[in-house]
Asks: 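Structure below; questions to follow.
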Amino acid sequence: MIVADQWRADSVGYDGNKVVQTPELDQLANEGVAFSNAYCQNPVCVPSRSSFLTGWYPHTNGYRTMHHLMGDDQPNLLKTLKNNGYHVYWGGRNDFLKIDADHSKYYSTRSDMFYEKFKAYRDKKKNSKDTVKEKPEFYTHAPGVKEKVVHPDVDQIEDAIEFINTKGHGDDPFCIYLALALPHPPYTIEPEWFDKFDLEDIPDPIKLTEEQWSKKPSLIQGIYRNQNLYNLPDEELKKIKQIYYAMGTKLDHYIGNLVDTLKAQGVYDDTVFVFFSDHGDYTGDYQMVEKNQNTFEDCLTRVPLVIKPAKDIDFEPRKTDALVELIDVQATIMDLLGIEPEHTHFGKSLREVLTGKENEHRDVVFCEGGRLEGEAHAMDAGHTPDNEYWARTTEQEKMPQHTKAMMIRDHEYKYVYRLYEDDEFYDLKADPEERDNKIDDPLFSEKIQQFKNRMLRHFFETGDVVPFKQDKRF
């Protein structure tokens, strides 16, 4: 199970983008089932990972910020697999489990090269704290093309390859969980990858008129102003996307090395291979970069998902447009492996979609984020203007900017309920780039009410969970 970080769905070849170069993932998609309508349940890292590893929505247990992580008493797919006899190799970043939790419950082998690199970065910043830094003119997250870029993903994948080659799992069935960092900003890449693309082939950035911006949520209006990227020429925004594409190509190459290793060891056919991303990225669209916590454009919420089942599992290789949520991944894995879940979860197994017996899976998908008035502990803010994340996090200190919000989407329409400001509604067939908020258009009033009713049912069904283990009263 490979989890990329911040890789949007329209940046893989199997989704139809003819500019990107992801031959290894495209081959996996040809050999398995590729999903074109998979959606995360929160558009930032920690809440999304806490969600897809448990099968809970962020609101179910309140895991909806970057700095509130889960304890070791919570259900989790990795712990479930270990408890069912799998040797769990956990490689890469954490982003879901508290530092003081018992991590050993979740793995048999642990390798975290991202932490080593991040700690060195933090130590360097700490040691240079006396250096006065100025507020940048543009918050691009784009250091650019460099001769040498240290991406821990390369070493992390190579370590997993070594684990396979040396049979680190012994005679036990194994699960390799690789939580990687690419293509997360900063947008930086070596020339060998960057030069695979021509700037003229990169899509122009999505841009909004002043009137269109006036109907957008206050959070991204503020980020748009703060990042100041509207003062950059389109060529600079396209270069950011060019680097982003190249970062994806680099990761794709090393995923191919991992696939080749599984084949060389004779276990590829017996292995379920799952690839997806935790959420997406603006990458210059809407003249912004990175992501935010409570808006739900498809570039942030729609993610790649490929599942290549093992040979003894009935499936039909193809691409499907079935609506899928990332919480369905853990439900599918448990189903395919014959593991009975030991907690209430809300994932829905994709087995029938894999077989081709069903082309529909969910009627709608959900994504959520933000906080309540007074939840100062949930701001995820506090950066100074010299910090690359300030343009976003300074807006998260304000209301209604950081309001709680929830998206509901089907194949044709998207509705966003916003607690402290105006809602959003988009006709995705007529307006796939979500430029025109039609919330006040009477033509869609009936559909909006249907979505509101469906959202109420969703909250009623998923608002809490009762533990399977009963407590003694006497």
Side-chain angles (χ1 to χ4, degrees), residues 1-3 32-33 49-56 60-61 63 69-98 101-112 159-160 163-164 166-179 258 262 265-276 278 305-315 324-355 465-470:
M1 181 161 58
I2 295 180
V3 182
V33 179
R49 292 162 191 261
S50 298
S51 177
F52 67 65
L53 286 169
T54 61
W56 291 346
T60 303
N61 239 33
Y63 294 102
L69 288 80
M70 308 192 79
D72 55 38
D73 59 336
Q74 304 294 329
N76 186 286
L77 177 62
L78 302 184
K79 185 165 61 174
T80 297
L81 290 172
K82 185 181 179 186
N83 291 343
N84 280 270
Y86 280 79
H87 186 114
V88 176
Y89 171 100
W90 174 5
R93 60 199 308 173
N94 173 7
D95 279 357
F96 72 86
L97 190 60
K98 293 178 181 178
D102 184 357
H103 288 218
S104 65
K105 293 181 179 180
Y106 297 80
Y107 67 84
S108 312
T109 299
R110 181 73 172 107
S111 175
D112 188 359
D159 189 77
F163 171 81
I164 296 169
T166 59
K167 206 172 182 182
H169 54 93
D171 294 325
D172 294 331
F174 65 85
C175 165
I176 292 178
Y177 172 70
L178 281 173
L258 181 61
L262 291 169
Q265 291 296 328
V267 295
Y268 178 74
D269 288 342
D270 297 321
T271 301
V272 178
F273 201 109
V274 183
F275 169 84
F276 60 96
D278 58 352
L305 171 62
V306 177
I307 301 177
K308 192 283 299 179
K311 64 180 180 182
D312 60 345
I313 296 172
D314 181 27
F315 73 99
V324 173
E325 295 182 332
L326 285 189
I327 60 171
D328 298 333
V329 172
Q330 54 89 39
T332 303
I333 290 173
M334 286 191 289
D335 184 15
L336 297 182
L337 301 182
I339 295 174
E340 288 292 329
E342 296 181 350
H343 71 290
T344 298
H345 69 86
F346 306 107
K348 183 180 178 184
S349 174
L350 291 160
R351 181 187 285 270
E352 295 302 300
V353 180
L354 295 176
T355 63
V465 288
V466 178
F468 276 21
K469 182 179 179 180
Q470 295 181 343

Asks: Flag the pair Leu97 / His103 as yes when at least one side-chain heavy-atom distance between them is below 4.5 Å, and no otherwise.
Replies: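 Yes; the side chains approach each other to less than 4.5 Å.
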Asks: Report the C-alpha separation of Val3 and Phe276 in whole Å, then their side-chain angles, then the decisive distance to 0.1 Å, and conclude whether the side-chain contact (heavy atoms from CB on, under 4.5 Å) test is met.
Replies: CA-CA 5 Å; Val3 182; Phe276 60 96; 3.6 Å; yes
Asks: As an exercise, state the distance from CG of Leu78 to CG of Leu53, rounded to the nearest 0.5 Å.
Replies: 5.5 Å
Asks: Working to the nearest 0.5 angstrom, can you tell me the gap between Ile313 CD1 and Ile307 CD1?
Replies: 10.0 Å
Asks: Evaluate the side-chain proximity of Phe273 to Ile2: yes if any heavy-atom separation is below 4.5 Å, no if none is.
Replies: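 SC-SC contact between Ile2 and Phe273 confirmed.
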Asks: Give a yes or no on whether the backbone of Pro75 and the side-chain of Thr54 come within a donor-acceptor separation of less than 3.5 Å.
Replies: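 Such a contact is absent between Thr54 side chain and Pro75 backbone.
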Asks: With no hydrogens and no angle check, is any side-chain donor or acceptor of Ser51 less than 3.5 Å from a backbone partner on Trp56?
Replies: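 Checked: pair present.
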Asks: Name the orientation class of the two ring planes belonging to Trp90 and Tyr107 (parallel below 30°, tilted from 30 to 60°, perpendicular beyond 60°).
Replies: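 Rings of Trp90 and Tyr107: perpendicular, as their planes differ by over 60°.
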Asks: Does Tyr177 reach the side chain of Tyr106, with side-chain heavy atoms less than 4.5 Å apart?
Replies: no
Asks: Measure the OH-CG distance between Tyr89 and Asp159 for me, rounded to the nearest 0.5 Å.
Replies: 3.5 Å
Asks: Is the side chain of Arg93 donor-acceptor paired with the backbone N or O of Leu178 at a distance under 3.5 Å, no angle test?
Replies: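 A pair under 3.5 Å: no.
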Asks: Do you know which two heavy atoms are closest between Gly32 and Pro309, and how far apart they sit?
Replies: CA-CD, 4.4 Å
Asks: Under 3.5 Å, is there a donor-acceptor pair between the side chain of Asn61 and the main chain of Tyr63?
Replies: no
Asks: What's the shortest heavy-atom distance between Val272 and Leu336, and which atoms?
Replies: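 In this case the closest contact between Val272 and Leu336 is CG1-CD1, 4.4 Å.
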Asks: Taking side chain as C-beta onward, heavy atoms only, is Tyr86 less than 4.5 Å from Thr80?
Replies: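 SC-SC contact between Tyr86 and Thr80 ruled out.
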Asks: So which pairs with a foot in residues 330-339 pass side-chain hydrogen bond (donor to acceptor under 3.5 Å, both in side chains), sequence neighbours left out?
Replies: Gln330-His345, Asp335-Ser349, Asp335-Arg351
Asks: Within the supplied structure, the quantity of interest is the number of heavy atoms (other residues, nucleotides, ligands) at a distance under 6.0 Å from Glu352 CD; does it exceed 12?
Replies: yes
Asks: Write down the atom of Lys308, the atom of Thr271, and the distance for their closest heavy-atom approach.
Replies: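 Where Lys308 meets Thr271 most closely, the heavy atoms are NZ-O, 2.6 Å.
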Asks: To check you understand the geometry: which heavy-atom pair defines the closest contact between Pro467 and Val465, and what is its length?
Replies: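 Where Pro467 meets Val465 most closely, the heavy atoms are CD-O, 3.8 Å.
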Asks: Using 30° and 60° as the class limits, which term best fits the ring planes of His87 and Phe163: parallel, tilted or perpendicular?
Replies: tilted
Asks: What closest approach, in Å, do Lys98 and Leu69 show between heavy atoms, and which atom pair accounts for it?
Replies: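 Taking every non-hydrogen atom into account, CE-O, 3.1 Å.
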Asks: Please round to the nearest 0.5 Å and tell me the distance separating atom CZ of Arg49 and atom CG of Asn76.
Replies: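 Answer for the CZ-CG pair, Arg49 versus Asn76, is 12.5 Å.
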Asks: Do Leu305 and Asp328 come close enough that some side-chain heavy atom pair is under 4.5 Å?
Replies: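 No, their side chains stay 4.5 Å or more apart.
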Asks: So, does Lys82 use its side chain to make a donor-acceptor pair with the main chain of Ser104 at under 3.5 Å?
Replies: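 Looks like yes, one N/O pair under 3.5 Å.
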Asks: Could you tell me whether the side chain of Val353 reaches within less than 4.5 Å of the side chain of Lys348, counting heavy atoms only?
Replies: no
Asks: Under the side-chain contact (heavy atoms from CB on, under 4.5 Å) criterion, do Ile333 and Met1 qualify, and how do the steps go?
Replies: CA-CA 10 Å; Ile333 290 173; Met1 181 161 58; 3.9 Å; yes
Asks: Which pair of heavy atoms, one from Asp73 and one from Lys79, lies closest together, and at what distance?
Replies: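 Looks like C-NZ, 3.8 Å.
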Asks: Under the criterion side-chain contact (heavy atoms from CB on, under 4.5 Å), I'd like the reasoning laid out for Val329 against Phe52: C-alpha separation, chi angles, the key distance, then a yes or no.
Replies: CA-CA 7 Å; Val329 172; Phe52 67 65; 5.7 Å; no
Asks: Would you say the side-chain atoms of Asp72 pair up with the backbone N or O of Asp102, donor to acceptor, closer than 3.5 Å?
Replies: yes
Asks: Just wondering, do Val33 and Leu350 contact through their side chains at under 4.5 Å, heavy atoms?
Replies: no
